[in-house]
Novice: 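My structure is below; once you've seen it, I'll send some questions.
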Amino acid sequence: MPETPAPLTTGAVDAVLAWYEQSARELPWRLPEAGAWGILVSEIMLQQTPVVRVLPRWIDWMARWPSPADLAAAPTAEVLRAWDRLGYPRRALRLQDCARAIVRDHDGVVPHGEDALRALPGIGEYTAAAVTAFAHHDRAVVADTNVRRVIARAVQGDPLPARSSTAAERSRIAAAVPEDVPRSVRWNQAVMELGALVCTARSPRCEQCPLAAHSCAWVAAGKPAPQPGARRTQAFAGTDREMRGLIMAQLREHGAVAVTALDALDPTDPARVARCLASLLVDGLAVREDGRVRLP
DNA sequence: AACCCGGGGAC
DNA sequence: GTCCCAGGGTT
């Protein structure tokens, strides 16, 4: 049995909550009028996409499709155009599928409970917990990349969280969430914000950190640097992911294009273009008809 | 657990 | 060029 690090003290939690009251960003999906659906939409858009890029897309999106029923009834081609360049456009398809499932199975209302949420397309462990905490104000263990980093540093003393989560990490994150429900909701929001604004991946602002006066295991350990190359980001240039994005950009701009015209996207490798087009058709992000390709 | 899935901006 | 971003789904 490995030794369990000391959990955060009540004083440390209080300090983070006080910091949040003073430092939280004013984001539109944090306003009461955003509603559970607006919060759910924001969480899907924010999967692997920074806040500043989501903001304008979310505002337009919610003005256009304020309810699950509105999005469920929208033409998918319009949904993909509105998604614009947020990336991973399969998220847009899943979000519309999610809206349709909510209409079909939940009377058009975002369901309560992490199990019911996780059953919806595009909603995994993190998003189910986030909607539960931020939309329904129930206790949940929210573990996004920000929370994982704060806990890895403050509790474990590691410079960055591991690539994939472990049961032990889950346990540490859960142990930090207060039992009191309203307090747990604020903690989840606050620790996420702390990771986003202060305890950042690179160049953390430790002088602004509310935990500095309490305890941070990483600072106590002398702020060891992460192992170089330990993260290993995915390549992008020359990959299928890049080509799929180029094809989708063509479809968003022109609506439909000749299949033969797509070869111009990479004249040196027609096989790559064909492979990526095929995968987009399989994913339902594009439709082929009469030698042309268009949005679904 | 490892891999695939966009795109952009900071360094 | 590298790394990061309120992850999810598939194998």
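Below, all heavy atoms of this structure are taken into account, side chains as well, without hydrogens, waters or symmetry copies. Below, chains carry the letters A, B, ... as their sequence lines are ordered, and counting in each starts from 1.
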Novice: Fill in the dot-bracket string of DNA chain C, one character per base: . for unpaired, | for a pair to another strand, ( ) or [ ] for pairs within the strand, taking Watson-Crick or G-U pairs under 3.5 Å.
Specialist: |||||.|||||
Novice: When the distance from CG of A:Asp144 to C1' of C:dA6 is rounded to whole Å, what number comes out?
Specialist: 5 Å
Novice: B:dG7 P sits how many Å from A:Glu253 CD, rounded?
Specialist: 13 Å
Novice: Taking the side chain of A:Arg202 as heavy atoms from C-beta outward, which of B:dG9, C:dA6, C:dC5 is closest to it?
Specialist: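 Of the candidates, B:dG9 comes closest.
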Novice: Closest-nucleotide mapping onto DNA chain B: is A:Arg90 or A:Ser164 further toward the 5' terminus? I mean the 5' end.
Specialist: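 It is A:Ser164, whose closest nucleotide lies nearer the 5' terminus.
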Novice: Give the rounded distance in Å between these two atoms: CG of A:Leu86 and C1' of B:dG9.
Specialist: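 After rounding, the reported distance stands at 15 Å.
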Novice: Of the options B:dC5, C:dA6, C:dC5, whose atoms approach the side-chain atoms of A:Asn146 most closely?
Specialist: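 So the nucleotide nearest the side chain must be C:dA6.
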Novice: How is A:Ala201 classified with respect to the nucleic acid when contacts are heavy atoms under 4.0 Å: base, sugar-phosphate, or nothing?
Specialist: sugar-phosphate
Novice: Starting at atom CZ of A:Arg148, determine the distance to atom P of C:dA6, rounded to an integer number of angstrom.
Specialist: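 So the two atoms are 13 Å apart, to the nearest Å.
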Novice: Taking all atoms of both residues into account, what is the closest heavy-atom pair of A:Arg148 and A:Pro161, and its distance?
Specialist: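 Heavy atoms only, the tightest pair is NH2-CB, 3.7 Å.
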Novice: Let's see if you can work this out: which of C:dA6, C:dG8, C:dC5 has an atom nearest to the side-chain heavy atoms of A:Met192?
Specialist: C:dA6
Novice: So if I apply the side chain to side chain donor-acceptor pair (under 3.5 Å) rule between A:Thr127 and each of A:Gln47, A:Arg118, A:Glu114, which one comes out positive?
Specialist: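 It is A:Gln47, the one option of A:Gln47, A:Arg118, A:Glu114 that forms the side chain to side chain donor-acceptor pair (under 3.5 Å) with A:Thr127.
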Novice: What residues in residues 234-248 of chain A put a non-hydrogen atom under 4.0 Å from any atom of DNA chain B?
Specialist: A:Gln234, A:Phe236, A:Asp240, A:Arg241, A:Arg244, A:Gly245, A:Leu246
Novice: In whole angstroms, how far is the P atom of B:dA2 from the CZ atom of A:Arg163?
Specialist: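 After rounding, the reported distance stands at 9 Å.
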Novice: If you assign each of A:Ser165 and A:Arg53 to its closest nucleotide in DNA chain B, which residue comes earlier from the 5' end?
Specialist: A:Ser165
Novice: Rounded to whole angstroms, how far apart are CG on A:Leu117 and P on C:dA6?
Specialist: 21 Å
Novice: For A:Thr127, answer base if it contacts any base atom (sugar-phosphate contacts may also be present), sugar-phosphate if it contacts only those atoms, and nothing otherwise; contact means non-hydrogen atoms under 4.0 Å.
Specialist: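 Sugar-phosphate: the residue A:Thr127, judged by heavy atoms under 4.0 Å, touches backbone atoms but no base.
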Novice: Could you tell me how far B:dG6 sits from C:dC4 if I compare only their C1' atoms? Round to whole Å.
Specialist: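 About 14 Å, rounded to a whole number of Å.
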Novice: Quick check: closest heavy atoms across A:Gly38 and A:Trp58, and the distance to 0.1 Å?
Specialist: O-NE1, 3.0 Å
Novice: Touch check for A:Thr166, heavy atoms < 4.0 angstrom, all strands: base, sugar-phosphate only, or nothing?
Specialist: nothing
Novice: With distance as the sole test, does A:Arg139 use its side chain to make a donor-acceptor pair with the main-chain N or O of A:Ala133 at under 3.5 Å?
Specialist: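 No: the side chain of A:Arg139 does not pair with the backbone of A:Ala133.
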Novice: Under 3.5 Å, is there an N or O donor on one side and an acceptor on the other linking the side chain of A:Arg91 and the base of C:dG7?
Specialist: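 No pair found.
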Novice: With a 4.5 Å cut-off on side-chain heavy-atom distances among I, L, V, M, F, W and Y, is there a chain of contacts connecting A:Phe134 to A:Leu117?
Specialist: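 Different clusters.
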Novice: Would A:Arg57 and A:Asp60 satisfy salt bridge (Lys or Arg N to Asp or Glu O under 4.0 Å), going step by step from the backbone distance to the final call?
Specialist: CA-CA 5 Å; A:Arg57 296 297 106 235; A:Asp60 292 349; 3.2 Å; yes
Novice: Between A:Glu253 and A:Arg81, does any side-chain N to carboxylate O distance fall below 4.0 Å?
Specialist: no
Novice: At a heavy-atom distance below 4.0 Å, what parts of residues 21-49 of chain A sit against DNA chain B?
Specialist: A:Gln48, A:Thr49
Novice: Which heavy atom of A:Trp218 sits nearest to which heavy atom of A:Pro224, and what is that distance?
Specialist: NE1-O, 2.9 Å
Novice: Does the side chain of A:Ser279 come within less than 4.5 Å of A:Asp240's, by heavy atoms?
Specialist: no
Novice: Scan side-chain atoms only and decide if A:Thr76 and A:Gln96 contain a donor-acceptor pair under the 3.5 Å cut-off.
Specialist: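 Looking only at side-chain atoms, A:Gln96 and A:Thr76 do form a donor-acceptor pair, the distance falling under 3.5 Å.
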Novice: Using a 4.0 Å heavy-atom cut-off across all strands, classify A:Val51 as base, sugar-phosphate, or nothing.
Specialist: base
Novice: Using distance only, find each side-chain donor-acceptor pair of residues 280-293 of chain A under 3.5 Å and give its atom names and separation, not counting sequence neighbours.
Specialist:
| residue | atom | partner | partner atom | Å |
| --- | --- | --- | --- | --- |
| A:Asp283 | OD2 | A:Arg244 | NH1 | 3.0 |
| A:Asp283 | OD2 | A:Arg244 | NH2 | 2.8 |
| A:Glu289 | OE1 | A:Arg294 | NH2 | 3.3 |
| A:Glu289 | OE2 | A:Arg294 | NE | 3.0 |

Novice: Checking A:Arg183 against A:Leu17 for the side-chain contact (heavy atoms from CB on, under 4.5 Å) test, could you report, in this order, the C-alpha distance in whole Å, the side-chain angles of both residues, the deciding distance, and whether it holds?
Specialist: CA-CA 9 Å; A:Arg183 193 171 160 86; A:Leu17 295 179; 3.7 Å; yes
Novice: For the residue pair A:Trp187 and A:Val177, what are the closest heavy atoms and their distance?
Specialist: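 So the minimum-distance heavy-atom pair works out to CD1-CA, 3.8 Å.
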Novice: For residues A:Val142 and A:Met192, report the shortest heavy-atom separation together with the two atoms involved.
Specialist: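 Between these two residues, the closest heavy atoms are CG1-SD, 3.7 Å.
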Novice: Could you check which residues of residues 55-67 of chain A get a heavy atom under 4.0 Å from DNA chain C? Sort them by number, please.
Specialist: none
Novice: If we take the P atom in both B:dG9 and C:dG8, what is their distance in whole Å?
Specialist: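 Approximately 24 Å lies between the P atom of B:dG9 and that of C:dG8.
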Novice: Might you point out which heavy atoms bring A:Asp144 and A:Tyr126 nearest each other, and give the distance in Å?
Specialist: CB-CE1, 3.4 Å
Novice: What I want to find out is whether A:Glu43 reaches A:Arg91 closely enough, with some N-O distance under 4.0 Å, to be called a salt bridge.
Specialist: no
Novice: Over how many whole Å does the gap from A:Leu95 atom CG to C:dG7 atom P extend?
Specialist: 16 Å
Novice: Does A:Gln156 offer a backbone N or O that forms a donor-acceptor pair with the side chain of A:Arg172 under 3.5 Å?
Specialist: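 Here the side-chain-to-backbone pair does not exist.
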Novice: Apply the test salt bridge (Lys or Arg N to Asp or Glu O under 4.0 Å) to residues A:Glu242 and A:Arg272: give CA-CA distance (whole Å), side-chain angles for both, the deciding distance (0.1 Å), then the verdict.
Specialist: CA-CA 11 Å; A:Glu242 177 191 39; A:Arg272 177 186 175 216; 3.0 Å; yes
Novice: How far does the P atom of C:dA6 sit from the matching atom of B:dC11, given to the nearest Å?
Specialist: 15 Å
Novice: Enumerate all atom pairs, one protein N or O and one N or O from nucleotides 9-11 of chain C, separated by less than 3.5 Å.
Specialist:
| residue | atom | partner | partner atom | Å |
| --- | --- | --- | --- | --- |
| C:dG9 | OP1 | A:Gly122 | N | 3.0 |

Novice: Looking only at the side chain of A:Arg85 (C-beta and beyond, no hydrogens), which of the listed nucleotides B:dC5, C:dA6, B:dG8 gets closest?
Specialist: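 Nucleotide nearest to A:Arg85's side chain: B:dG8.
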